[in-house]
Amino acid sequence: MRVTFTANGKPVEADDVWEGESLLYVLRERVGLPGSKNACEQGECGSCTVYLDGVPVCSCLVAAGQVQDREVRTVEGLAEENGELGLVQQAFVDAGAVQCGFCTPGLLVQTDALLERDAQPSDNDIREALSGNLCRCTGYEKIMDAVRLASARKCAGEAST
Amino acid sequence: MSTRTIQGQKNLQNINQASKDGIGGSPLRPDGNLKVKGEFAYSSDMWHEDMLWGMALRSPHPRANILSVDISEALKVPGVYAVLTHEDIPGSKYYGLEIQDQPALAIDKIRYHGEAIALVAADHPETARRAVKKIKVEYEVLTPIVTEEQCLDPETYGYVHEPHEYKSHAYGNICHEQKLVSGLGVTDEVRAMADVIVSGDYEVGMQDQAFLGPESGLAVPAEDGGIDLYIATQWLHVDREQMAPVLDLPEEKVRLTLAGVGGAFGGREDISMQIHACLLAQHTGKPVKIVYSRDESFYGHVHRHPARMHYEHGATRDGKLVFADCRIVLDGGAYASASPAVVGNAASLGHGPYVIPNVKMHAIALYSNNPSCGAMRGFGAVQAAFGYESQMDKLAAELGMDPVELRQLNAMSEGDFMPTGQRIDSPAPVAELLRRAKEMPLPPPLDTEHLDVRALPGALSNTSHGEGIVRGVGYSVGIKNVGFSEGFDDYSTARVRLEVIGGEPVAMVHTAMAEVGQGGVTVHAQIARTELGVEQVTIHPANTEVGSAGSTSASRQTYMTGGAVKLAAEAVRRALIEKGRRRYGWTHQDITLSGGKVVSESAGVLVPMVDLLGDEAIDLTREHHHRPTQAFDKETGQGFGHVQYTFCANRAVVDVDVELGLVKVVELTAVQDVGKALNPLSVVGQIQGGCTQALGLAVMEEIIVRDGKVRNASFTDYLIPTILDTPPIPVDVLELPDPHAPYGLRGVGEAPTVSATPSIVAAIRNATGLALNRIPVRPEHLTTEQPG
Ligand code: FES
Ligand code: FES
C-alpha cells in the first residue's frame with residue numbers, strides 16, 4: 001500500500017508498504033528519518049517516541065496505515081528552523097544527559113511534551129512523565145538535571161517575552 | 001560498488017569543537033549535538049541502496065542433536081537471496097574470544113536455547129522472517145545439563161563439549177578453574193585462631209547488559225574480494241581476528257568501521273551478528289544488514305555469569321579478620337567466551353578490599369546448556385562482592401560491631417598485599433571512602449503528612465499509601481581491577497596529526513577505540529588540546545586502518561587509549577619543537593605549546609604554530625602498553641596479576657513495603673577514588689550509570705532460565721530500572737593520583753557496579769531483618785523469607 005502523511009511539516013509518501021509495517025519502520029527505513037530509535041519494538045522502552053497529531057506515541061506500536069493523512073513530528077523536528085538545537089535538545093547536551101544517546105530521541109520528545117503541558121514540573125512529575133523511557137547508561141540523574149534545566153530556561157524565556 | 005553511498009559515516013569526521021577545555025575540564029561531547037538531533041548514525045541506522053536483510057534461525061531447544069536441516073522451502077520464498085548453514089562457511093567453522101569453541105552456525109549439536117542454525121538474506125525483514133520459518137530442522141531433543149550437580153557429574157549427565165576438545169577445557173564440564181592460597185591457607189589450626197566464624201551461601205542470578213541499541217551492522221562486499229563491515233562493537237580488531245578465518249579472508253581484507261554504538265557494558269565483547277552478516281554478503285554479493293530484535297538480542301549475546309558461592313570468614317573478638325575460605329561457582333553456559341578471565345577476577349578479587357592474613361579460594365566456571373556468559377560491567381568482581389560484603393555485615397552483627405567500623409578496621413591501604421601476593425603500590429583509600437559515604441547527609445525521613453504515592457515502593461501502581469513501610473540503611477565497598485590482567489599484553493594505538501586548516505592549527509586523533517557512550521571521544525580531544533596547546537581537535541572515525549585500541553571494557557580505555565593519545569601527541573609536540581630548533585636555532589630548555597603558539601616559559605612567545613608548520617603536517621602513531629602483569633599460579637593464585645585497582649564505597653537508603661514485598665531505593669550514595677578526573681561531568685555520569693545497573697541486579701534484573709530455556713527475553717519481562725525506580729545518586733569523587741597511570745588516572749566505569757549492589761541488599765536487610773542471600777531480591781523473598 002501507499003501511505004502519505006506529514007513528517008516534521010513536510011509531506012512524505014511511502015510506497016509498497018507491507019500492512020504489518022510500523023510507523024517506526026516507515027520513518028527509519030523508508031522516508032529517511034532514522035532519528036527515532038528501535039530498541040524493543042514492543043512499546044516498552046520509549047526510544048521510538050514521536051508526536052502523532054501532537055500526542056507522544058510509541059511509533060513502533062502504530063501501524064503505518066494508521067498515519068494516513070496525519071501529522072508526525074520526530075526528534076528531527078525538534079530543532080529550530082535555522083538548524084540550531086531546540087531548547088530541550090540543548091539542555092540535554094549541556095547537562096551531560098547524553099551518553100550512548102540511544103534513548104535520547106524518545107526522551108527529548110517526551111520531555112518536550114511534558115514541558116508543553118507543564119513548564120515547571122516537580123521531580124515526581126518528571127519521573128512520572130518519563131517512566132516509559134528506558135535509559136541504560138546515565139542512571140537518569142543527568143536526565144533529571146536536563147529536564148530541570150530546560151524547564152528553568154523555558155520559564156526564564158517566557159518571563160522575558 | 002565503491003561509488004555508492006553508505007549513509008551514516010559522518011558521525012565524528014569534521015566535528016570541530018572550538019573549546020579551550022583540556023583535561024580536568026568538562027567540555028561537551030563532540031557527538032552530543034548529532035545525538036540530540038537524531039542525526040547520529042547508529043549501527044542499526046546503516047543503510048545501503050540495494051541492501052538485503054539478514055536473519056538467523058535459532059534453536060528452540062537448549063540441548064539437541066540436529067538430525068537434518070532442510071532449506072529448500074525457504075529458498076523458494078520470493079525475495080530470498082540466500083539460505084546458509086554451516087556447510088556454506090568457507091573457512092574455519094569455530095571462533096571464540098579465548099577458546100575457539102563456538103561454531104559460527106550450529107554443527108550437528110545444539111548447546112543452548114537460541115543457538116543460530118541457519119541464515120537467510122532477503123529483500124525485506126518480513127520476507128526473511130517468513131523464510132526462516134520455512135527452514136525445517138529435525139532434532140533429537142536431549143535433556144539439558146543445567147545444574148551445578150549435573151555439570152560436575154558428566155559420567156551420569158553427559159558432556160556439553162566432548163572432553164579435551166578445546167585447549168583450556170579444564171576437565172569434565174569445567175571450562176576454567178583458579179585456586180588461591182595465601183598465608184597459612186585455611187586449616188583447622190587457622191580456624192582455631194578465630195574467635196568468631198560466620199559462613200553463608202550466596203547466589204547471584206543471570207544479569208543482562210540490556211544495552212538499548214540492538215546488535216546490528218551492515219556488511220558490504222568490496223571489489224577486491226574483501227568485505228567492509230560497519231558495526232557496533234567494543235573491540236574492532238578482536239572481532240576481525242575472529243572473523244577473518246571463518247570468512248577465509250586475510251585480515252587486511254576484513255575492514256571494520258565503528259558505527260554508532262547504543263551502549264555495550266560487555267555485551268558486545270563477543271561476536272554476535274558480525275560473521276553472519278559477512279557470510280551473507282559474501283554469498284549474495286550484496287550489502288547485508290542485520291538488526292536484532294530485542295528477544296534475539298537476549299539470545300544473541302553473552303550475559304553476566306550467575307554464581308553460587310560459599311563464604312566462611314573468621315575474626316578475632318575485636319573484629320580483625322583471621323581467615324576467609326571461599327568457593328565460587330560461575331555458570332559459563334554453552335561456550336567459553338570470557339569465562340577464563342572472569343574466573344581469574346573472581347578468584348583474585350573475591351576477598352574484597354580487605355587485609356586477610358589467611359585465605360583459601362576456589363573459583364570455577366562450568367560449561368552447561370544454559371545461555372553463554374561472558375563480559376559484563378564488573379566482570380567477576382560483582383558476584384564476589386555480593387558474597388564478601390554480605391559476610392561483612394553478618395560478621396559485624398555477630399560481633400556487635402558497626403558494619404562500617406568493621407570494614408574500616410580491616411580495610412586495605414597502600415602498601416598492603418592482595419591475597420595474590422601483589423603489593424598495592426598506589427593509593428587505596430578504602431577506609432576513607434567509607435568514612436565519606438557515612439558522613440554524607442541522610443535524606444529526610446518519609447514525609448507521611450504530604451504523601452506523594454509516586455515516591456513510595458510500588459510508585460505509580462498506587463499499591464499503598466504508606467502503611468507497612470520501613471526504612472533501612474546499608475553500606476558496602478568493593479574492589480575492581482583496571483585493564484586486562486594475568487600477563488595479557490594490553491596495549492592501545494593512537495595516531496595524532498597536526499596541521500594547519502583554515503589558518504588555524506588543528507589536531508586530528510585517530511584510534512580504533514570503540515566509543516560506546518562512555519565519552520572517550522571527548523577525553524581524547526581534551527588530551528590533544530592539553531598536549532598540543534590547540535583548540536581545534538577532530539576525531540577520526542574509529543576503524544581497522546589504525547592499530548588496535550584494545551577493548552572498551554575493563555575500565556581501561558581512558559587509561560590505555562587515552563595514554564596512547566597522550567604519547568602520540570607528545571611525540572608530535574616534540575617533533576614540532578625540534579623543527580623549530582632546526583629552523584630558528586632555539587636553545588631554550590623550557591619550550592612548550594600553548595594557545596596555538598610555541599612558547600618558552602622564560603622568553604615568551606617564540607612563533608605561532610601556524611608559521612612553523614606551514615603546509616606540512618606532522619602525523620605520528622604511538623602504542624601505549626601498561627606495565628607487564630603475570631599469570632596467576634594455577635594452584636596458589638600468586639602473581640602480580642592486575643595492573644591497577646579501583647575502589648568505590650556506597651550507602652543505600654531504602655523504603656520497604658513489608659506487606660507487599662516492594663522496595664524503593666530512596667537514595668544511593670557513591671564515593672569513588674578516580675585518581676584524576678579527566679572529565680568530571682563524564683566521571684559522575686559513569687558512576688551514576690554504574691550504580692543504576694547495580695540497583696537493577698539488587699532488586700529486579702534477572703534472565704530467568706528454566707531447564708535451559710530463557711523465559712523472559714523481552715523488556716516486558718526482563719526489567720531494568722526506570723527513572724521511577726532510580727533514586728538521586730549523590731557522588732563524591734576523590735582524586736588520589738596513581739603514580740603508574742597517565743595523568744594519575746584510574747579507571748572509573750566498573751567500580752560502582754561492583755560495590756553498589758550489596759549496599760542495597762544490606763539496606764533491605766537493615767529494614768526487614770531478613771537474611772536475603774540471593775539477588776535479585778524479589779517480592780516473594782521479602783514476604784516469605786525467614787529472618788537472618
Ligand atoms: S522501540 Fe518502541 S517502545 Fe521500544
Ligand atoms: S544514554 Fe545510552 S541508553 Fe540512555
Side-chain angles (χ1 to χ4, degrees), chain A residues 18 20-21 25 28-29 32-45 47 74-79 83 85-86 88-90 92-105 108 122-128 130-144, chain B residues 7-8 26 28-29 31-42 44-45 47 124-126 209-214 260-265 291 293-294 452 454-455 459-460 516-519 681-682 684-693 714-716 720-724 726 728-729:
Chain A
W18 167 67
E21 272 174 37
Y25 184 88
R28 291 177 47 76
E29 304 291 341
L33 290 171
S36 311
K37 293 298 167 229
N38 54 326
C40 73
E41 304 191 55
Q42 277 194 321
E44 293 291 347
C45 73
S47 312
T74 69
V75 66
E76 286 100 335
L78 292 185
L85 298 188
V88 177
Q89 290 172 316
Q90 190 65 54
F92 269 65
V93 173
D94 291 345
V98 181
Q99 289 188 17
C100 85
F102 212 79
C103 63
T104 306
L108 291 172
S122 69
D123 281 4
N124 282 335
D125 294 336
I126 301 173
R127 290 188 194 276
E128 179 172 2
L130 301 186
S131 61
N133 290 71
L134 298 176
C135 172
R136 189 53 159 169
C137 302
T138 61
Y140 301 107
E141 277 281 79
K142 303 260 178 258
I143 292 171
M144 293 296 296
Chain B
Q7 284 188 1
S26 291
L28 302 175
R29 306 181 60 97
D31 51 8
N33 281 17
L34 285 178
K35 284 178 173 175
V36 296
K37 283 170 127 180
E39 289 172 4
F40 184 82
Y42 293 89
S44 58
D45 301 335
W47 185 89
H124 188 284
E126 182 58 20
Q209 298 83 356
F211 42 75
L212 286 201
V261 186
F265 318 113
V291 180
S293 56
R294 183 51 54 183
D452 184 334
R454 295 173 297 183
L460 286 177
V516 301
Q518 85 279 20
L681 186 70
S682 303
V684 170
Q686 281 295 309
I687 295 172
Q688 291 168 334
C691 285
T692 305
Q693 293 191 340
S714 72
F715 278 161
T716 313
I720 66 172
T722 68
I723 197 167
L724 270 173
T726 309
I729 306 175

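We use all heavy atoms of the structure for the numbers below, so side chains are in, but hydrogens, waters and symmetry mates are not.
Note on B:Val291, B:Leu681, B:Val516, B:Ile687: by heavy-atom pairs under 4.5 Å with chain A, the leading option is B:Leu681. Interface summary for chain B: among A:Cys100, A:Gly139, A:Ala79, the most heavy-atom pairs under 4.5 angstrom belong to A:Cys100. Heavy-atom pairs under 4.5 Å with chain A were tallied for B:Ser26, B:Pro728, B:Gly519; the largest tally goes to B:Pro728. Ranking A:Pro105, A:Ala97, A:Cys40 against chain B, the residue ahead of the rest is A:Cys40, based on heavy-atom pairs under 4.5 Å.
For a residue to count as touching a neighbouring chain, one of its non-hydrogen atoms must lie under 4.5 Å from one of that chain's; by this rule A:Asp125 touches chain B with backbone and side chain alike. Contact of B:Ser293 with chain A is not made at all, since no heavy-atom distance falls under 4.5 Å. Within the 4.5 angstrom heavy-atom criterion, no atom of A:Asn133 approaches chain B. Both the backbone and the side chain of A:Leu130 come within less than 4.5 Å of a heavy atom of chain B. Neither the backbone nor the side chain of A:Thr74 comes within less than 4.5 Å of any heavy atom in chain B. If you measure heavy-atom distances from A:Leu134 to chain B, the contacts under 4.5 Å come from both the backbone and the side chain. Residue contact with chain B, scored on non-hydrogen atoms closer than 4.5 Å, is absent for A:Glu41. Looking at A:Glu29, the atoms closer than 4.5 Å to chain B (heavy atoms on both sides) sit in the backbone and in the side chain alike. Contact of B:Thr692 with chain A is made through the side chain alone, with heavy-atom distances under 4.5 Å.
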Working for side-chain contact (heavy atoms from CB on, under 4.5 Å), residues B:Ser44 and A:Arg28: CA-CA 10 Å; B:Ser44 58; A:Arg28 291 177 47 76; 3.5 Å; yes
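Judged by distance alone, with hydrogens and angles left aside, the side-chain atoms of A:Glu128 form no donor-acceptor pair with the main-chain N or O of B:Arg454 at under 3.5 Å. Using a distance-only test at 3.5 Å, with no hydrogens or angles considered, no donor-acceptor pair links the side chain of B:Tyr42 to the main chain of A:Pro34. The main-chain N or O of B:Gly213 is never found under 3.5 Å from a side-chain atom of A:Arg136 such that the two would form a donor-acceptor pair.
Looking at heavy atoms from C-beta onward, B:Asp45 lies in side-chain contact with A:Lys37 at the 4.5 angstrom threshold. Contact annotation: the side chain of B:Arg29 never approaches that of A:Val93 to less than 4.5 Å [non-hydrogen atoms, C-beta and beyond].
For A:Tyr140, the ring-ring contact (aromatic ring centres under 6.0 Å, His included) criterion is met by no residue, not counting sequence neighbours. The side-chain contact (heavy atoms from CB on, under 4.5 Å) test applied to B:Ser682 returns B:Asn679, not counting sequence neighbours.
Atoms CE and OG1, from A:Met144 and B:Thr726 in turn, are 10.5 Å apart once rounded to the nearest 0.5 Å. Here B:Thr716 contributes atom OG1 and A:Glu44 contributes atom CD; the two are 3.5 Å apart, rounded to the nearest 0.5 Å. Taken to the nearest 0.5 Å, the CG atom of B:Leu724 stands 4.5 Å off from the OG atom of A:Ser131. Note that CD of A:Gln99 and CD of B:Gln518 are 9.0 Å apart. Values are rounded to the nearest 0.5 Å. Here the CD atom belonging to B:Gln688 is positioned 4.5 Å from the NZ atom belonging to A:Lys142, to the nearest 0.5 angstrom. Here the OG1 atom belonging to A:Thr104 is positioned 14.5 Å from the NZ atom belonging to B:Lys37, to the nearest 0.5 angstrom.
When all heavy atoms are compared, the tightest approach of A:Cys137 to B:Gly263 is SG-CA, 4.5 Å. Here the shortest heavy-atom pairing between B:Pro125 and A:Tyr25 reads CD-OH, 3.2 Å. Nearest heavy atom pair, residue A:Gln42 against residue B:Phe715, reads OE1-N, 4.3 Å. Among all heavy-atom pairs drawn from B:Ile723 and A:Arg127, the shortest one is O-NH1, 2.9 Å.
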